[in-house]
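Notes to accompany the following structure.
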There are 2 protein chains.
Amino acid sequence: MGDNTFSVLNTICTDLKKPAKSIIFRQGEHADFLYFIQSGALKLDYQLEDGRNLVLDFLWPDRFFGIAENETYAWSATTLVDVHLKRFKLSSVQVLAQEHPNITNLLLQQKMASLMAAKTHITLMSCPTATSKLIGFLLEYKKIPNYFNPSTQVLTLIMSRKDIADYLGMTFETTSRIFKYLETNGYIKKLNHRQIQLNMHKLQLT
Amino acid sequence: MGDNTFSVLNTICTDLKKPAKSIIFRQGEHADFLYFIQSGALKLDYQLEDGRNLVLDFLWPDRFFGIAENETYAWSATTLVDVHLKRFKLSSVQVLAQEHPNITNLLLQQKMASLMAAKTHITLMSCPTATSKLIGFLLEYKKIPNYFNPSTQVLTLIMSRKDIADYLGMTFETTSRIFKYLETNGYIKKLNHRQIQLNMHKLQLT
DNA sequence: CGAGTATTTGAGCAGCATCAATAAGAGTGG
DNA sequence: CCACTCTTATTGATGCTGCTCAAATACTCG
């Protein structure tokens, strides 16, 4: 797969840059494009009629997104930081996939990644306490390159307390309180609101 | 797609029947087979090291499952009732997919279905109260043919209180208490532990 | 019918949501 | 660069929700 598949796809892609906190597409919009993240990060969020706002996933470089069902995006995509994307017209991708079946394999692989992310998400949400949810979240987040500095053990959170809360199924006040609790008990040290130093010795025991 | 793809797949499938409460595969086992549900129902569950047992999804007829990552099943599959399956050797499917690209499209479609189910699941888990979780669950479950009788409005639950609890992220005692609450307040009527008559007028208001 | 399993019910406590107010940080324009 | 505004984050007080542990009841299956 790999190289050849990508070079074929590259013939129909458009480069795209978006600033932080901009919307790439909204849930319900007609799905015309498939996207690929070259750099940056974004969240997939979903608004419910009752006013709740869920964060379904956070996406990092090398991920495709926007593969829709029913011709319509089922959720919105919002950038967290400045991003650099590739954009593909979905109809062109479908045509191209006829001749290059590996494109479908690539999309299948990406769906697989989404599904494993969903499993992790569900696992975190099922944690019995807010503390274990948040610790689980930090340990997952630590795996993301660029936002964790292994030598200083500092995590750079690029999402708000509310985003984390909407991802874990709790209120942002609770998120804030648990951060406080973790700091008080030596699990983390807050350098500022978005920079958190981890004490892995304590965190791993949980 | 459809007919041709299925008839090609049928050349390599084995028929398989399993009684209720039997394990089709376990998480961690080497993934040799892909399955298709002809009739019956099952759950996908996942054991955590800390003793928690998650139910990731309930599966109904016409669904493929067992598409693995890393050569290994990431969760277990357990039947809820007697099931009738088709089984495909994964290696054979891969070979066949080379000549019949629509097989990959079919698998992609199935992954899409899994992902939408995960979205529904996450949405339910994010409900602020156990009552809204359970009502949401009942309204989703109602959509499954065979287990809801529209003329009598009776749901037949084929899973235990614990399965529901493990799916929604709560304890089975709470599940039981909420059923009681729903009955007391006229949302449902329990004919017995597994047969529940819905009062849609009241349920839909939530 | 009897043993094992599933479900219900109870009492008490811990944890989280809610509402509310304050503090910190980010962004803007003079 | 500072003052002002707006957003994001923290902190407090209170009550309800759901978990825990425990016991009783209902159901299933051989």
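Quick note on labels: first sequence line is chain A, next is B, and so on, each numbered from 1.
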request  = Shoot me the first and last contacting nucleotide of DNA chain C against chain A, ordered 5' to 3', at under 4.0 angstrom to non-hydrogen atoms.
outcome  = C:dC16 to C:dG25
inquiry  = Using 30° and 60° as the class boundaries, would you call the ring planes of B:Tyr35 and B:Phe65 parallel, tilted or perpendicular?
reply    = parallel
remark   = note: A:Arg194, atom CZ; D:dT10, atom C1'; distance rounded to Å ~ 14 Å
request  = With heavy atoms under 4.0 Å as the rule, sort B:Ser176 into base, sugar-phosphate or nothing.
outcome  = base
inquiry  = Heavy atoms only, 4.0 Å cut-off, all strands: where does B:Thr175 land among base, sugar-phosphate and nothing?
reply    = nothing
message = Counting only side-chain nitrogens and oxygens, does A:Lys162 get under 4.0 Å of the OP1 or OP2 atom of D:dT8?
response = no
5'-most by nearest nucleotide on DNA chain C - A:Ala130 or A:Asn192 = A:Ala130
task = Let me know the distance between CD1 of B:Ile158 and C1' of D:dC27, rounded to the nearest Å.
result = 18 Å
query = Over how many whole Å does the gap from A:Phe179 atom CZ to D:dT8 atom C1' extend?
reply = 13 Å
message = Between A:Phe179 and A:Thr175, is there a side-chain heavy-atom distance shorter than 4.5 Å?
response = yes
task = Let me know the distance between CD1 of A:Ile164 and C1' of D:dA9, rounded to the nearest Å.
result = 11 Å
inquiry  = Just the rounded figure in Å: distance from C1' of D:dT10 to CD1 of A:Ile196.
reply    = 13 Å
task = Could you tell me whether the side chains of A:Thr174 and A:Thr171 share a donor-acceptor contact shorter than 3.5 Å?
result = yes
ask   = If you find the nucleotide of DNA chain D closest to A:Pro128 and the one closest to A:Lys180, which residue's nucleotide is nearer the 5' end?
value = A:Lys180
query = Nearest nucleotide by nearest heavy atom, which residue falls closer to the 5' end of DNA chain C, B:Glu173 or A:Glu173?
reply = B:Glu173
query = With a 4.0 Å cut-off on heavy atoms, is A:Lys133 in touch with a base, just the backbone sugar-phosphate, or nothing at all?
reply = nothing
Spacing between A:Lys190 atom NZ and D:dT11 atom C1', to the nearest angstrom = 10 Å
ask   = Base, sugar-phosphate, or nothing for B:Phe172, non-hydrogen atoms under 4.0 angstrom?
value = base
task = Take atom CE of A:Met170 and atom C1' of D:dG18, then tell me their distance rounded to the nearest Å.
result = 17 Å
key: Pairs touching residues 14-30 of chain B that satisfy side-chain hydrogen bond (donor to acceptor under 3.5 Å, both in side chains), sequence neighbours left out   = B:Asp15-B:His84, B:Ser22-B:Thr79, B:His30-B:Asp32
key: Residue A:Lys180 excluded, over 12 heavy atoms near NZ under 6.0 Å   = no
request  = Take B:Leu16 and B:Phe36 through the side-chain contact (heavy atoms from CB on, under 4.5 Å) test and state the conclusion after the steps.
outcome  = CA-CA 10 Å; B:Leu16 195 63; B:Phe36 176 80; over 6 Å; no
query = Can you tell me if B:Arg63 and B:Ser114 form a side-chain donor-acceptor pair at under 3.5 Å?
reply = yes
inquiry  = Please tell me if A:Ser160 has a side-chain N or O lying less than 4.0 Å from either OP1 or OP2 of D:dT8.
reply    = no
inquiry  = What is the distance, to the nearest angstrom, from the OH atom on A:Tyr181 to the C1' atom on D:dT11?
reply    = 18 Å
